[in-house]
Structure formats: C-alpha cells, structure tokens
4 protein chains.
Amino acid sequence: MDKKEAKRVEIINVALELFATKGFYSTTIPDIAKALNMSVGNLYNYFKSKDILAKEIIKYISHYLGNKLKEINMMPISTKEKTKKIVEVYFETAKNRPHMIDYFLRVYLSNREVFKDGCEGMICVSEFVTEIMIYFEEGVRRGELKNQDFFSAFGLFMGYLGGMVFLKGENILPKELEEYIDDISNNIYRALSAK
Amino acid sequence: MDKKEAKRVEIINVALELFATKGFYSTTIPDIAKALNMSVGNLYNYFKSKDILAKEIIKYISHYLGNKLKEINMMPISTKEKTKKIVEVYFETAKNRPHMIDYFLRVYLSNREVFKDGCEGMICVSEFVTEIMIYFEEGVRRGELKNQDFFSAFGLFMGYLGGMVFLKGENILPKELEEYIDDISNNIYRALSAK
Amino acid sequence: MDKKEAKRVEIINVALELFATKGFYSTTIPDIAKALNMSVGNLYNYFKSKDILAKEIIKYISHYLGNKLKEINMMPISTKEKTKKIVEVYFETAKNRPHMIDYFLRVYLSNREVFKDGCEGMICVSEFVTEIMIYFEEGVRRGELKNQDFFSAFGLFMGYLGGMVFLKGENILPKELEEYIDDISNNIYRALSAK
Amino acid sequence: MDKKEAKRVEIINVALELFATKGFYSTTIPDIAKALNMSVGNLYNYFKSKDILAKEIIKYISHYLGNKLKEINMMPISTKEKTKKIVEVYFETAKNRPHMIDYFLRVYLSNREVFKDGCEGMICVSEFVTEIMIYFEEGVRRGELKNQDFFSAFGLFMGYLGGMVFLKGENILPKELEEYIDDISNNIYRALSAK
DNA sequence: GATGAATGAGCTTTCATTCAT
DNA sequence: AATGAATGAAAGCTCATTCAT
C-alpha cells in the first residue's frame, strides 16, 4: 500500500475534523500541521492549497457516504425499508463520525466561494447524490414512490435530515437522534410514497 | 423619523447582501463601508463589531419572516392551506429578497462561532420559530396535524425549504421555485397530517 | 467668577484622574467627554488638543503642590522640621489626591514625547521646583544643610518620595505611607544635613 | 549556538532602544520590524504580541542589572564601598546602555497596564530587586546599616538613582553623572548607615 | 457654546504560502 | 520527503480631530 496515499488520508481526516469543528476560516494551516505533528511546508507537499484540501475532503466524504448508500440500494428490501435504512445510516454517521456530516453542512454547503472552482453544482458529491437518485428512481419504477421531480424529493430527504442534525448540534433537540428515526422515516415515506 | 435608525437599517440591508453573497469571512468591513459610501470608522459608530452586526442582521431577518408568518397564522383557513401559504411566502422571499434566505442558510446556520455569544440556541430567530410553532400546534389542536415531536416537524419544514433554495442557488433545479410549490406543500402536508 | 474658567478646571480634574488611572494613551477623548457629560466637540472648545490638555494639567498640579510648599517655606521652623513637613505634604497629597502624584509620575515623567513642545526641561513644573530650591538654598544659607549641587539634593528628595509612592501603588509596601514619614524624613535629612 | 535565540536577543535589544526612546505606545511594530530589516509577520514568530515583547525586555534588563549587582555583592568589601559601587554601576549603565535605564523608568515603571498580566508586583524585576535586598540585609547583619524597613531603603536607593538619570535625560543636570557619584553615594550611605 | 456623526490614517495582529536548508 | 523561518498583504478595529447643524 502506498505510504504517501496513507498520509493523504490521514491529513484529510484530521483536517476534516478541524474544519468541521472550528469552521473553514477559523482553522489555519498551522493548526492542521500541528494536529498532524507535521510541518506546514510538508503539508503543502500533499495538498497544493487550503482550498484544494477542502475540495478533496468533500469528495472523500461523498465517497464514504455513497458507499454506505450503495449497500442499502443493493439490498433486496422494499423502498419503505430502504427509506428507514437511509435515515439510520445518516444518523449513525452523525453519531459515529459527526465531523463528516458537520463538514457537509457547515463547510461544504456554506462556504460556496471555496468550492467555486472544481466543485460546481454537485460535482464533488456526485457519488452520494447518485445513490439517492438510484434509490428514488428504483422506488418509482417499482411503483412504490410517486413520480415527481427528483429534486423535490432530494431536497426533502437531505434538507430534512440535515436540519435534524443541525438542531441536534445546537442542543435544541430534546431526544437523541435515534429516537426520531421512526417519525422521520415515516414522514419522508408518506411524503414520497405513491400512496 | 430617526435618522440614525434609518442609517442602521440601511447598513443592515447592505451588509446582509454582501455577507449572503460573498460569505461572512470573505466580506470585509471596508467592503461594507465602500458599498455604503461611508467611512470604516463611522460604520463602527453604528455597530461595535463585525460579529455584532451579523447578529443584528439575523434578528432583522427573523423579525421580517416572523411577521409574514404571523399574518398567515391569523388567516381563517385550514392548516393545509396554511402549509401552502408558508411555502409560498418562503419561496417568494427567496425570489424577492434572496439574500435574506441565503443569509439564514449560509451565514447564520453555518458560522456558529460568530453567533456563539448572544444568539445561543434559537434566541435570535425566535420570532420566526415561534410562528412555525404556532402553526404546528394549532394544526394539532384542530386535529389536522399528527401530534408528533415539534422538532421533527420543524426540521422537516425548514430543512426541506432550505434544501430547495440551496439547490436553486446552485443552479441545480431545472425549474423555477414556484413550480415546486404544489409538490412540496403536498409532500409536507402528507408528512405531517393526521391523515 | 468666570464660568468658562470653572469648566476648564472641571475638565482638568476629570482628565487628570483618567490619565493617571488608565494612562495617557489608553484614555481617549471620548472617555473624558463621557466622564464629563459633555460632547467631544465641545471639549475641543476648551482645549485645542489632547497634548495641550495634558500640558495644562501638569501646570495645574505644579501650581497646586507649589502652593503647599510655599506655605511650608514661609513657616518659622527649622529645616529639619520643614523636611518632615514636605514629606508629610507629599504623602498627604498621595493619599487625598492620589491622581495628582500618579499623574506626575506616570504621565508627566513617562511620556516625554507628549510634553516635548512647551514643557521642555522643567518649565511646566517650575512653580513646584522653585519651592524645593528655596527650601534647599535657605537650609544651606542657615548652615543647616550641606552645600552640595542642588540637583543631587533635588534628585534625592523627589526620587525617594516618588519611588515610595510608586511602591505603594504597586501594593508592595507592607505599611501605610504615613508610617514611613519618620524613617524617610530622617533619611533625607541625614543625607542632606551639614552634620 | 542557537540561531533563533540569537535573533530573539537581537529583537529585544532593538525594541528596547526604540521603546525607551520613543515610548511604548509611540513605537509601532512596523517601526521595530523596519529597524531589524525583518518582516512584521516574522517578528510575531518570535514574540506573540507587543505586550509580551515588552515583558521579555524588562526581564532581560533585570537579568543584566541583577548580574552586575551580584558581582558587587560577592566582593569582600565594606557596605560603604558597595554602596558606591552600586551607584557607579548604575550610572555606568546609564551611560553605556542608556536605553536600559530609560526603559526601566519610562516604559516599565510607567505603563503598568502593559505589565498587568505576568509582571505583577516585582515579578519581572526580581533578579535585580533580590540583589538590592541582599546588599541591604547583609549591611544590616554586619552592623553597617541601620535596621529599617527594606522598602524605605529600596525606595531611597532606586528613587534617587532613577531621579538623577531622569534629570540627566532632561538635560537639566549641569554636570556629568559620574561627577555626582561621590555626593550621591555619600548621601545614600549617610541616610542608611547605622552610624 | 454645544452636539455627535463623520473621517481616515494608522494600529496590532493573522495567515496562506514560499523556499533555503 | 521534511522543516519552519520568512514574507507581506490584508484584516478588524481605534481614535484624535473636524464640521455641519
């Protein structure tokens, strides 16, 4: 296995946590280097700029979540069950690897100027979006989901889940995220189902 | 009419647009001053710091949107109709005063460190949240909405609408926001209704 | 009595306290105006600049202390008794009007650049210095003090007293200033006396 | 030899001179950087803030003077002779490294707000104060000095010497400092001696 | 005489990035 | 690959002073 690649992944994970926790602009390159026990100069041997690092991170996250969703999509279960599984995976990630979801919500979605060049549209999160699209289109094909505009469905799904994680992060939710799984997956399924 | 107050509001509106467009950290105080044809020093006579300005802006937006929702809540119409009206108002604002919604999504929700002191929880957006709460609880009381955790409903509503506006902002939506009003308000109502 | 003159004196006293407490550079003109319930603009009607105000203050203090010393110099007592009286007056002022002594030590003596133009040498404290000179020369004439260079005697007197007040201000002295009066006036007299 | 440490010392010496000459607040960081042929940013790699730099300088001076006094304290000579030697060293320093004494008097003693945190009391000048204390207590133990409050003696010593250097700095003294050595050390010894 | 909004130069400090070693 | 000293532009903020009212 490539040693340089391993270091790249290590940098991505450490930077991901710092960016998600302190914000993109409040995290400095020296901060990241120090957290890695690495010199700033050497960090630049792996990523040519702070912006490029930020873009690599979001691709990494999209790849990680896309894989999780791909597994669900390949399961021989109903769309209703898949819906619940997706909510579960999302909340599970929010719990086990909270920085990934935070990065998505608070770095990627929020600092668009950083991602202008190279991550236009959904380019850098396409692996993840593609799986949601597959989930949706298969549900429609099977007659389980209503045939509406994909983006309306996508906005519901991602906006809803993101909103809940955000509320959790703000300590506004009275209960644990897991306890909302049934409510939420029901709400989503009722909204999308062909009835 | 209070001249100083008028200037305050002018500053808020100009800064709101800049922050929403370029991001909080990429917008400098000199940028704002220049856009206002005003000296940097004088800007500080109105707002003691960049952070304080940011907080006043979100309160201003919350007040603006809260008022719009209050009008809807006072209408003698069914909860289903209110649901649609709220979606309409939100998208209308996203169209007429797009920076307000962008500010909410991309400045307020994303740069939590800026709003730490003084805007904990939902303090600075309480006017707005309160109206959503009234909409929801009245719907439940009337037997039109299912009695579930408020935050689950709130997350759905705001996450969904926010997600759609974000997708629009990224030029990902193939249609105009207005054309989604029916789909979306139906989806929301189906998700929340007592059936 | 002149109303404008009364206001001038009020400003001097308030500014004196602020400068002595917070330092010359850390005290702003708005600070002074606010403490006086006065507008900054109007303050400038009384003193054309911050520097000029500072210079007027030191003259005012020199005048005040000079008068106290003049009274002592006119008393029909021995030089030894006068020495003690001067120490007493100095410490009394340090206790009752501490800002005067602090101003002398921490504003006037320390920020020479401020007093460059107009207060060269001892011009602005001449009233005070003159009385010390009279005390010294009369003591020599009477044969009670050793005939040495005046400045050596002056440096002893003022350096010693200033040093003690400084130590008191730093909370380093274990006892009250008054309790040092005997020790100090004895030390000074022993140093200066013809023996 | 440690290159970074050498640079640290170089910065301290240059900043010390500027602060002593122009005053703490009238000396800017760019002033210091320019005098060092160094970038502003790099200066901050050595000292995290202007205040911290000021504190390091006073420690450096205290260390320098403390060493000089330590040598005197270790000499097998009478307290009277030590008294004279201390005055000599002080005036010698005032002549050879005048900025050190000026810094002590005009930066350290005067801008207390700068030294609030970290240099409370005499912490940052303890090396120097300690030697004066040793000189005094040994003199008392030997029966050569009167057993009085240490601070009264300390105030005399430092106030007197400081006052003389100040007068010299103001071009008020008609003679060179060295010519006062006998007068002054006699005055001090007469004041302090057990007689 | 009185007000306080307005100016703008200048301050301290930060930080992405480079480059000699 | 690795280091970290060095750069310098630019940020947020302050404040003495002015001036229209």
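All heavy atoms count here, side chains included; hydrogens, waters and symmetry mates do not. Proteins come first, then strands; the chains are lettered A, B, ... in the order of their sequence lines, and each starts at number 1.
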Which whole-number value in Å describes the distance from [X] [atom1] to [N] [atom2]?
X      : N       : atom1 : atom2 : value
K34(D) : dC11(E) : NZ    : P     : 10 Å
D31(A) : dC15(E) : CG    : P     : 8 Å
L36(C) : dA2(E)  : CG    : C1'   : 14 Å
E10(D) : dA5(F)  : CD    : P     : 15 Å
Y25(C) : dG10(E) : OH    : P     : 15 Å
L43(D) : dC15(E) : CG    : C1'   : 16 Å
M38(A) : dA1(F)  : CE    : C1'   : 9 Å
D2(B)  : dG4(E)  : CG    : C1'   : 13 Å

(request) Name the pairing partner of dT14(E), where a pair is Watson-Crick or G-U wobble with both distances under 3.5 Å, or state none. (result)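 Because both required distances fall under 3.5 Å, dT14(E) counts as paired with dA9(F).
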(message) Strictly by Watson-Crick or wobble contacts shorter than 3.5 Å, is anything paired with dT21(E), and which nucleotide is it?
(response)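 Checking every strand shown, dT21(E) finds its partner in dA2(F), with both distances under 3.5 Å.
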(message) Which heavy atom of L105(B) sits nearest to which heavy atom of S110(A), and what is that distance?
(response)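 Nearest heavy atoms, L105(B) then S110(A): O-OG, 4.5 Å.
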(request) Return the 5'-most residue of the pair P30(B), K7(D) with respect to DNA chain F, ranking by each residue's nearest nucleotide. (result)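 Looking at the nearest nucleotide for each, K7(D) comes out on the 5' side.
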(request) Name the residue closer to the 5' end of DNA chain F, choosing between F24(C) and S49(B) according to the nucleotide with the nearest heavy atom. (result)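 Nearer the 5' end of the strand: S49(B).
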Which of these nucleotides, [options], is closest to any side-chain atom of [X]?
X      : options                  : answer
S39(D) : dA6(F), dC13(F), dA2(F)  : dA6(F)
V40(C) : dT17(F), dT13(E), dT3(E) : dT17(F)
K50(D) : dT12(E), dG12(F), dT7(F) : dT12(E)

(request) Using a heavy-atom cut-off of under 4.0 Å over every strand shown, decide if T27(D) touches base, sugar-phosphate, or nothing. (result)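 Result for T27(D) = sugar-phosphate.
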(request) Look at all strands and tell whether Y46(B) reaches a base, only sugar-phosphate, or nothing, counting heavy atoms closer than 4.0 Å. (result)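 Sugar-phosphate contact only - Y46(B) comes under 4.0 Å of backbone atoms but never of a base.
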(message) Does dG1(E) have OP1 or OP2 under 4.0 Å away from a side-chain N or O of K4(C)?
(response)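 Yes, within the criterion.
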(request) Salt-bridge test for K116(C) and E113(C): reply yes if a basic N is under 4.0 Å from a carboxylate O, no otherwise. (result)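 So K116(C) does not pair with E113(C) through a salt bridge.
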(request) In plain terms, say whether E5(B) and R8(B) are close enough for a salt bridge, that is, a side-chain N and a carboxylate O under 4.0 Å apart. (result)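 Salt bridge between E5(B) and R8(B), a charged N being under 4.0 Å from a carboxylate O: yes.
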(message) Main chain of H99(A), side chain of D102(A): is a donor-acceptor contact present, judged purely on distance under 3.5 Å?
(response)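 No: the side chain of D102(A) does not pair with the backbone of H99(A).
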(request) Would you kindly say whether N111(A) and Y25(B) are connected by a side-chain donor-acceptor distance under 3.5 Å? (result)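 The answer is no; no qualifying pair exists.
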(message) When you measure from the centre of the six-membered ring of F24(A), is the NZ or CZ of K50(A) closer than 6.0 Å and no more than 45° off the axis?
(response)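 Here K50(A) passes the 6.0 Å and 45° test against F24(A).
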(request) Name the residue closer to the 5' end of DNA chain E, choosing between K48(A) and I29(D) according to the nucleotide with the nearest heavy atom. (result)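 It is I29(D) whose nearest nucleotide is closer to the 5' end.
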(message) Let me spell it out: for each of G41(A) and T28(A), pick the nucleotide of DNA chain E with the closest heavy atom. Which residue's pick is nearer the 5' end?
(response)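 Its nearest nucleotide lies further toward 5', so the answer is T28(A).
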(request) Check whether the side chain of N45(B) and the base of dA6(E) form a donor-acceptor pair under 3.5 Å. (result)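 When only heavy-atom distances are counted, N45(B) does reach the base of dA6(E) through a donor-acceptor pair under 3.5 Å.
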